[in-house]
Amino acid sequence: MEYNFTAIEERAKQFWEANEVYKVTQIADKPKYYVLDMFPYPSGAGLHVGHPLGYIASDIYARFKRLKGFNVLHPMGFDAFGLPAEQYAIKTGQHPAITTEKNIDTYKKQLAKVGFSYDWSREVSTCDPNYYKWTQWVFLQLYKSWYNKDKDKAEAIDSLMAHFKQNGNTNLNAACSDEQETFTAEQWATMSEAEQQNTLMNYRLAYQSFATVNWCPELGTVLANDEVKDGLSERGGHPVVRKQMKQWSLRITAYSQRLLDGLETLDWSLSMKEQQRNWIGRSEGATVFFQLADGSGNIEVFTTRPDTIFGATFMVLAPEHELIEKITTEAQKAEIDQYIAYVKSRSDIERQAEKKVTGAFTGTYAINPLNNEKIPIWISEYVLIGYGTGAIMAVPSDDDRDNAFAEKFELPIIDVIDKSDYPGATRHDKLGKMINSGFINGMEVPDAIKATIAKIEEMNIGQGKINYRQRDAGYSRQRYWGEPFPIIYKNDIPYPVAESELPVELPAVDSYKPTGTGEGPLAQNKDWVNVADGGVRETDTMPGYAGSSWYYLRYMDPKNEEQLVGKEALAYWQNVDFYLGGTEHAVGHLLYSRFWFKFLRDRGFIDTPTDEPFQKLVNQGMIQGRSNFVYRVKGTNQFVSYGLRKKYETTPLHVNVNIVKNDILDTEAFRKSSPDYADAEFILEENGTYVCGWEIEKMSKSKYNVVNPDEIVAEYGADCFRMFEMFLGPLEAGKPWDTKGIEGVSKFLKRFWRLFKISENGQPQLSDAKPTDAELKTLHKTIKKVTGDVERLAFNTGVSAFMVCVNELIALKCDKRAILEPLVILLAPFAPFTTEELWQSLGNEGSVHQTTYPVHNEAFIKEDSYQYPIRIGKKVRTKIAFPVQATQAEVEPAVLANEVVAQWIGDKPVKRFVFVQGRIINIVI
RNA sequence: GCCCUUGUAGCCCAAUGGCAGAGGCGACAGUUUUAGAAACUGUACAGUGCUGGUUCGAGUCCAGCCAAGGGUACCA
């Protein structure tokens with residue numbers, strides 16, 4: 001019987017569903033294994049062939065682990081809140097809930113075609129009120145918590161209030177907003193309700209503040225730092241400007257050090273950890289106060305190079321620095337105002353695109369505290385208000401930017417480091433001996449740093465400090481399609497909604513458009529906004545990362561109405577053993593999830609052995625598109641083939657890859673593809689074909705290089721699609737999709753099928769005879785190779801091992817059940833449909849996916865003798881067979897006596913005889 | 001600029017420091033066929049981006065450079 005994958009897939013799907021083959025329950029006596037895919041945002045465009053790559057890999061792994069005896073949790077869900085649905089709603093008036101549901105449905109249908117072993121009864125969707133109830137609940141817990149730095153963990157806000165009552169905020173080591181002033185217990189007691197709440201707000205882990213935010217006018221919302229790339233919004237590419245707004249934020253900076261330290265324990269790729277480290281951006285240095293020359297105040301700076309302080313010949317403030325107004329002299333006021341206006345006129349993109357040296361002098365001086373020199377105070381856009389203290393001591397001799405600034409504005413430069421002992425060292429290297437630097441003269445840089453910090457601490461003008469680049473995470477979005485905040489304002493003071501009233505459901509609105517005033521669409525619905533006792537609801541919604549920061553916990557216990565995850569379920573599943581997803585979430589999702597996990601654990605809401613949610617993380621590479629081009633002769637409707645294009649002046653145009661086969665254009669289809677091309681003429685190659693150019697690019701609609709998995713599955717079958725995706729290359733590497741290679745995998749599956757000699761009535765015609773040594777060797781070699789490959793996620797070489805195996809068995813004319821049946825199980829994780837059909841046609845009860853994985857027997861693989869390559873000089877000269885267990889002493893005389901060997905050695909003395917058992921013999925002469 | 005990853009046949013990719021090739025695509029030749037397709041058999045094609053180093057032995061380890069992809073950036 002022919003290999004009919006469509007019928008096979010239908011039967012398998014029905015069988016799996018009827019028998020709940022992928023249903024997961026907790027089984028106490030089986031070891032657990034949690035395989036997780038990053039859940040997708042269900043976009044309207046559906047899946048392209050790039051999306052399932054990771055899902056297929058994790059599915060193979062999950063199926064493998066199941067066959068190996070693990071109880072595997074392998075769920076799927078949807079990150080369903082988000083901007084595209086809302087923007088579609090603005091355009092069409094359709095409620096995002098409806099389009100989202102439709103898109104989820106499309107995704108699930110597409111996923112079903114590929115044959116994943118998800119337990120859909122555990123599906124979660126972040127926009128489901130039963131789910132976001134718990135997202136809101138976590139927010140409330142963050143709101144009701146503060147970070148105790150002494151204990152290095154989050155605590156309930158009650159303990160903070162008790163401390164305030166007793167001691168005010170003295171003797172308190174807490175993560176706190178910068179602007180918080182000290183107060184006593186008495187002061188706390190006399191504070192008004194509003195003052196007390198404002199004070200507490202400076203300590204809460206979810207807090208509201210008046211902050212400079214990334215405001216995107218086009219989207220009408222605020223964005224988090226990681227949602228802004230190059231001054232443009234990540235979604236949509238709209239300009240982003242800085243704006244002061246009242247915003248909710250999460251105090252993730254309280255966890256910076258723990259997020260950094262935790263990386264050490266994780267089995268993640270180096271680059272992933274590095275990205276998180278860079279994002280957190282820890283730097284060690286010192287803060288130092290510089291007095292103003294007139295004694296009217298001081299300026300605090302952060303520096304990583306306190307050793308260079310004797311070379312600080314001027315100071316620079318960020319243009320947004322609050323002191324500027326106060327210290328600017330009358331004479332310089334006009335210049336400073338003009339400069340600030342100039343800076344404001346420049347967008348982030350302009351600032352980054354052209355880095356001009358610009359600045360203005362305030363007219364005021366400060367005193368360098370270590371050499372008592374009077375130094376001018378400038379302002380410049382190269383100093384950022386958001387980093388450190390927004391002010392620097394400028395050391396032009398040891399910093400490139402300060403140097404450029406000093407040269408342009410003719411400010412003094414004092415060399416403070418003699419690098420002559422370190423040839424090739426640059427300003428960035430912390431190397432050299434101090435000069436012109438008073439008490440640290442002659443010290444090496446690292447010693448000078450320590451000595452200077454000690455000195456400024458002794459002088460009481462500063463201290464050693466660790467600074468983090470990471471900012472608190474903005475948590476407000478002026479959008480509709482997100483989780484509403486469980487917050488009600490009374491007299492402008494925010495109060496949490498009672499936990500018993502969760503979820504605060506998203507109400508209907510008339511329009512999804514941003515209001516433009518900075519308020520989100522929810523503000524329009526007055527019935528919802530105004531609550532009974534005069535309170536007003538928060539009208540912002542939560543950001544995309546809210547729902548995705550904890551979804552992996554919900555899969556463990558998706559229906560629990562009492563808790564976000566039940567104790568028993570958590571105790572069994574603990575955390576994710578293997579997480580697979582794209583690198584694009586390196587600093588967003590993965591950082592927030594780690595933060596939430598640590599927080600929930602600190603507060604005792606979850607109890608797990610470690611405080612990291614994702615032990616092993618693998619990033620699948622991006623599948624790129626392979627675009628095809630036609631070359632239009634300029635000013636004509638003539639198209640010239642690739643090989644001849646240089647003879648003309650041409651414009652390359654993208655052409656739909658679906659009408660190109662092996663780079664040869666279907667010219668008729670091309671003419672039909674657009675009215676513009678209806679009467680196109682072609683200048684062809686000598687053999688009469690039109691050859692297209694090609695390029696590897698991102699897969700996207702606009703490049704006409706999108707390949708839909710549904711079509712591939714329809715044409716080649718799901719198993720072929722799965723195996724081909726894996727065969728493309730190493731999982732983690734980026735690689736282009738090129739459909740033409742798929743024939744090889746398709747042939748393999750047909751050849752594998754044919755081995756079973758399925759008759760017209762569906763019965764395999766196999767022999768029960770004893771297998772030969774050669775057949776056993778092929779089987780056991782393949783088991784060993786494939787098992788190892790799956791374990792190290794080398795699915796591409798695994799597929800190829802199956803190909804080798806089938807080629808060998810065909811050559812051996814093997815039709816033995818004892819050989820072929822174990823292979824069906826071995827192949828099951830890769831080709832779940834075909835193997836299910838074969839397994840059952842072989843007369844087995846139940847699913848092939850619930851049986852036991854075969855184990856290889858080394859005895860069948862072992863050879864008695866080995867052909868040793870004999871290497872003399874740089875090359876292999878001959879091969880001689882020896883028993884595998886032969887030792888050097890036994891082998892050496894025989895080798896030297898060999899005719900060919902003797903000829904190569906001639907009369908030269910043998911300097912060395914290298915014998916590597918089972919590998920090689922190398923004779924050095 | 002800095003950080004990470006990757007450079008092997010026309011193409012995609014293999015190769016615990018040990019004979020550069022497992023597999024696939026494509027090409028070519030043949031068997032089969034009225035022809036094509038499919039299937040089968042066979043053939044050709046690189047010395048591993050470049051320059052050094054370590055080693056008995058380097059595609060693999062180390063240093064520098066070049067190229068591509070990704071990340072990040074006036075971060076003091």
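Remember, it's a predicted structure, so these values are computed and weren't measured experimentally. Chain letters run A, B, ... following the sequence lines, proteins first and then strands; every chain starts at 1.
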message: Between C19(B) and Lys879(A), counting only base atoms on the nucleotide and side-chain atoms on the residue, is there a donor-acceptor pair under 3.5 Å?
response: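 Answer is yes: a donor-acceptor pair is held.
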Remember a base hit wins even if backbone is also touched, and classify [X] as base, sugar-phosphate or nothing at under 4.0 Å, heavy atoms.
{"X": "Pro730(A)", "value": "sugar-phosphate"}
{"X": "Lys911(A)", "value": "nothing"}
{"X": "Gly741(A)", "value": "sugar-phosphate"}
{"X": "Arg871(A)", "value": "sugar-phosphate"}
{"X": "Val914(A)", "value": "base"}
{"X": "Thr797(A)", "value": "sugar-phosphate"}

Looking only at side chains, do [X] and [Y] share a donor and an acceptor under 3.5 Å apart?
{"X": "Gln470(A)", "Y": "Arg282(A)", "result": "no"}
{"X": "Asp789(A)", "Y": "Thr797(A)", "result": "yes"}
{"X": "Tyr716(A)", "Y": "Glu743(A)", "result": "yes"}
{"X": "Asp398(A)", "Y": "Thr308(A)", "result": "no"}

Side-chain N or O of [X] less than 4.0 angstrom from OP1 or OP2 on [N]?
{"X": "Arg912(A)", "N": "C56(B)", "value": "yes"}
{"X": "Asn796(A)", "N": "A22(B)", "value": "no"}
{"X": "Asn278(A)", "N": "C2(B)", "value": "no"}
{"X": "Arg469(A)", "N": "U72(B)", "value": "no"}
{"X": "Lys750(A)", "N": "A38(B)", "value": "no"}

What's the closest nucleotide to the side chain of [X] if the choices are [options]?
{"X": "Arg751(A)", "options": "G24(B), C40(B), C3(B)", "value": "C40(B)"}
{"X": "Ile392(A)", "options": "G23(B), A76(B), G57(B)", "value": "A76(B)"}
{"X": "Leu270(A)", "options": "G24(B), C19(B), U5(B)", "value": "U5(B)"}
{"X": "Ser800(A)", "options": "A76(B), C19(B), G23(B)", "value": "G23(B)"}
{"X": "Arg754(A)", "options": "G24(B), C19(B), A39(B)", "value": "A39(B)"}
{"X": "Val924(A)", "options": "G18(B), C56(B), G23(B)", "value": "C56(B)"}
{"X": "Leu384(A)", "options": "U5(B), C56(B), C75(B)", "value": "C75(B)"}

Measure from [atom1] on [X] to [atom2] on [N] and round the result to the nearest Å.
{"X": "Glu808(A)", "N": "C40(B)", "atom1": "CD", "atom2": "C1'", "result": "18 Å"}
{"X": "Tyr387(A)", "N": "C74(B)", "atom1": "OH", "atom2": "C1'", "result": "12 Å"}
{"X": "Phe795(A)", "N": "C12(B)", "atom1": "CZ", "atom2": "C1'", "result": "19 Å"}
{"X": "Gln917(A)", "N": "G17(B)", "atom1": "CD", "atom2": "C1'", "result": "18 Å"}
{"X": "Glu743(A)", "N": "A37(B)", "atom1": "CD", "atom2": "P", "result": "13 Å"}
{"X": "Met272(A)", "N": "U72(B)", "atom1": "CE", "atom2": "P", "result": "11 Å"}
{"X": "Gln276(A)", "N": "C4(B)", "atom1": "CD", "atom2": "C1'", "result": "14 Å"}

query: Is it true that a side-chain atom of Ser269(A) and a backbone atom of Met272(A) form a donor plus acceptor pair closer than 3.5 Å?
result: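 It does hold such a pair.
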task: Decide yes or no on side-chain hydrogen bond (donor to acceptor under 3.5 Å, both in side chains) for Tyr690(A) and Asp666(A), but give the supporting numbers first.
output: CA-CA 8 Å; Tyr690(A) 188 98; Asp666(A) 180 341; over 6 Å; no
- request: Inspect the contact between Lys777(A) and Glu808(A) and indicate whether a charged nitrogen and a carboxylate oxygen are less than 4.0 angstrom apart.
  value: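 Result for this pair is no, no salt bridge flagged.
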Pairing partner of C75(B) (Watson-Crick or G-U wobble, both distances under 3.5 Å):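 Check on C75(B): unpaired, no WC or wobble geometry under 3.5 Å.
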